[in-house]
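This report concerns only the one structure given below.
On a predicted model such as this, the values are computed, not experimentally measured, just so you know.
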Amino acid sequence: MDFNAWRRRRISEPAYRWAREALPAMSATEREAIEAGDTWWDADLFTGNPDWRKLLSVPAATLTPDEQRFIDGPVAQLCGMLDEWDIAWNRRDLPPDVWAFLKAQRFFGMIIPRRYGGLGFSPYAHSEVVRRISAYSITAGVTVMVPNSLGPGELLMQFGTPAQRDYWLPRLADGREVPCFGLTSPEAGSDAASMVDTGVVCRQVVDGRELIGIRLNWHKRYITLGPVATVLGLAFKMSDPEGILGEPRDIGISVALVPTEAPGVEIGRRHLPAMQVFQNGPNKGRDVFVPLDALIGGAERAGQGWQMLMSALAAGRGISLPSLSAAAAVMCAHTTGMYARVRDQFGIPIGKFEGVQEKLASLAGNAYLVEAARRLTCAALNQDVKPAVVSGIMKYHATERMRGSVNDAMDVHAGRGVMDGPSNYLGALYRAVPIAITVEGANILTRNLIIFGQGAIRAHPYLMPEILALGNPDEERGIEVFHDVFWRHLRHAGINALRAIGRAWTGGAMAPAPSSGPTAGHYRRLGRYSSGFALLADAALAQLGGGLKRREMISARLGDILSELYLLSAVLKRWEDEGRKHDDLPLVRWCMEQGYASIEKCMDQVLRNLPGRVLSWGLRAAILPLRLAKGPGDALTRECAELLLKPSPTHVRLAADLHRAPAGGAAGGDPLGLLTRAFALVDAVQPIRDRLRQSGVRDWREAHRRGAITDAQAAQLEAAEAIVAQVLQVDDFAPEDLSPQAAKTAAAGAGQDA
């Protein structure tokens, strides 16, 4: 008997027919979203046996000389022009000279190739520019990121016709055109398939000529740059009821470029998202006619809009919000460490209290991790990879860790962070957090449906080919392909099960590491969790099938494990890329220990909630015989906190070039520059204070009178005391400065006095 034929008839064919019944039909929209972008390191993690040499061989993201000159020149100049308090509370917009500077220096054309007049920057340079600007102004950061992220420029470069690129890209690059993109509508947010915005193919006489075009009707909202845009990239459902273009009549989601000055376009009033004043608002169109060549990519791309959007988002989602989040996480760690050092209570810096040190360690670890993940993701993008699953991981985890960092920073600053005004460097970040959590796909959706839902199908080595075989209309061919892939899948699963058991029961000792040294054990442990994750994912998919799509909490936890594996890989990669700095190892250890605890917690929760209890018990014995990961210990927490409390090369690397130059003199300067100078002065006078404390003298003025310290030392202490007093001050306002009604009353009173 032919054993292969027997396997096919007795096992593969019944499995094929069962799977076709069990798996829900995949809509065209779902399939386009899943197929968007590329797989990358996420696919290695899904194998259960990642090749660490492959990760370490990825070239680190770096800037070209031209890119560095732009950052040192126009970017630094722009940052010096930004006053976020004035922008947010007085102007409610960027100043006119800033708008002009952005256009003149081609900030809106960073991703556009040089041959079209753009800057032609790499994804890493794009990310660096957004990160540095965002550290000074959320308003400016968002304004710069949007034209360079999901929008007409990216779509034109990927899908536009040569004529469209030749016309639009130079105009977008030099700021003659300001773009926005209209996707979200009141009826359709995450569920784009329910979009009611329409475009009907029709004939219309324009300037005496009959043209074939599209009559558009839409209502969009939450559109960033919408109030000031000159061209709108519009997503809509396209139909051809008269068959002017032939079949099909119901064409599907398409994307067109619509000049905002076109008849019928209505630009709505501005939104005010969480008191952030970047330009954002609704728009509508009523019977707006555009010629057929307004479709991005021309008529050949009609109906491919969702695929185009998902492909563009696979790259853009990995740059824009992760860059802003990295800036926020780093600034929160940097400023909070300095503040905790200069702020004394009960005679000691508040950073010495262990309750505060827990927050500081978390801030330092998050800053190191988010920046590491940003750099690794940009390294992939620099190689022209569009890592869709990784981009989803970055969007969700970067913004969530930013939220945690901002909250921790506010906790430590206490009243200093609550009182708003020009000297509050945390307020704008705190208010902006919900925006980052919400846009480019709400985080609940990203975590519960996208990361593992897309990752399992795309990154799994065999699942996508199996699904395609199940959907093949030629059943005989479908069974043939399914039979081959199915048995390779079973072989892979069996080998991985043995690998997972061996690694779990030896604490990862059997897993490979790319090199010896202080991080070798971390590679082995990640290898252990990767094989356990792959086995757990296969078991959940086998048991729940298409039902896993509705078991969102299980799917989310599996996605969390995959995410932690990626983020911790980035931490190890950063440590290698920065030259294996021994002083940074506490940060590496903190990130790894925190991640291990999260992975084991998620594994435990999946095992407790899988419906088959016997299978769950067997899996637990195989991959999680004991929960050993408890998170960072107290000693490690204190060690990481101390890294933020004193100047050091590690502190400089952690600040990632976002530290401000000290404000000149003991008076004036921007609040972060003032804090930086206070931090430096307090550290400089600490040896003097230590000697005074050892001698039993607490008042330096008394010590100076006794001759215990010199005039120069007394001057140093006085300068430090004065600048710390400035740092601790918060803003206050006259009533008429805050209330238009109070201003009117004050003006009326002044008139009566006169």
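Asn472 is linked by a side chain to side chain donor-acceptor pair (under 3.5 Å) to nothing, counting only residues two or more places apart in sequence or in another chain. Scanning for side chain to side chain contact (heavy atoms under 4.5 Å, CB included) contacts around Ala621 gives an empty result, with sequence neighbours left out. Residues passing the ring pair (Phe, Tyr, Trp, His ring centres under 6.0 Å) test with Phe121, sequence neighbours excluded: Phe70. In terms of the ring pair (Phe, Tyr, Trp, His ring centres under 6.0 Å) criterion, residue partners of Tyr222 (sequence neighbours excluded) are, by chain and number, His271. Applying the side chain to side chain donor-acceptor pair (under 3.5 Å) test to Lys573 and every residue at least two apart in sequence or in another chain returns Asp577.
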Scan the side chains in residues 529-544 for donor-acceptor partners under 3.5 Å anywhere in the protein, sequence neighbours excluded, and list what turns up.
from, atom 1, to, atom 2, distance (Å)
Tyr529, OH, Arg525, NE, 3.4
Tyr529, OH, Glu600, OE2, 2.6
Ser530, OG, Leu45, O, 2.8
Ser531, OG, Gly527, O, 3.3
Ser531, OG, Arg528, O, 2.8
Asp538, OD1, His460, NE2, 2.8
Asp538, OD1, His489, NE2, 3.0

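The shortest side-chain heavy-atom distance between Phe236 and Ser254 falls under the 4.5 Å cut-off. Using a 4.5 Å cut-off on side-chain heavy atoms (C-beta onward), Leu619 and Leu610 make contact. Residues Phe181 and Ile223 fail the side-chain proximity criterion, which asks for heavy atoms closer than 4.5 Å. Taking 4.5 Å as the limit, some side-chain heavy atom of Leu526 sits within range of a side-chain heavy atom of Ser569.
We find that Lys395 and Glu400 are not joined by a salt bridge, their nearest charged nitrogen and carboxylate oxygen being 4.0 Å or further apart.
Looking at Ser57, its side chain does come within 3.5 Å of a backbone N or O of Arg53 through a donor-acceptor pair.
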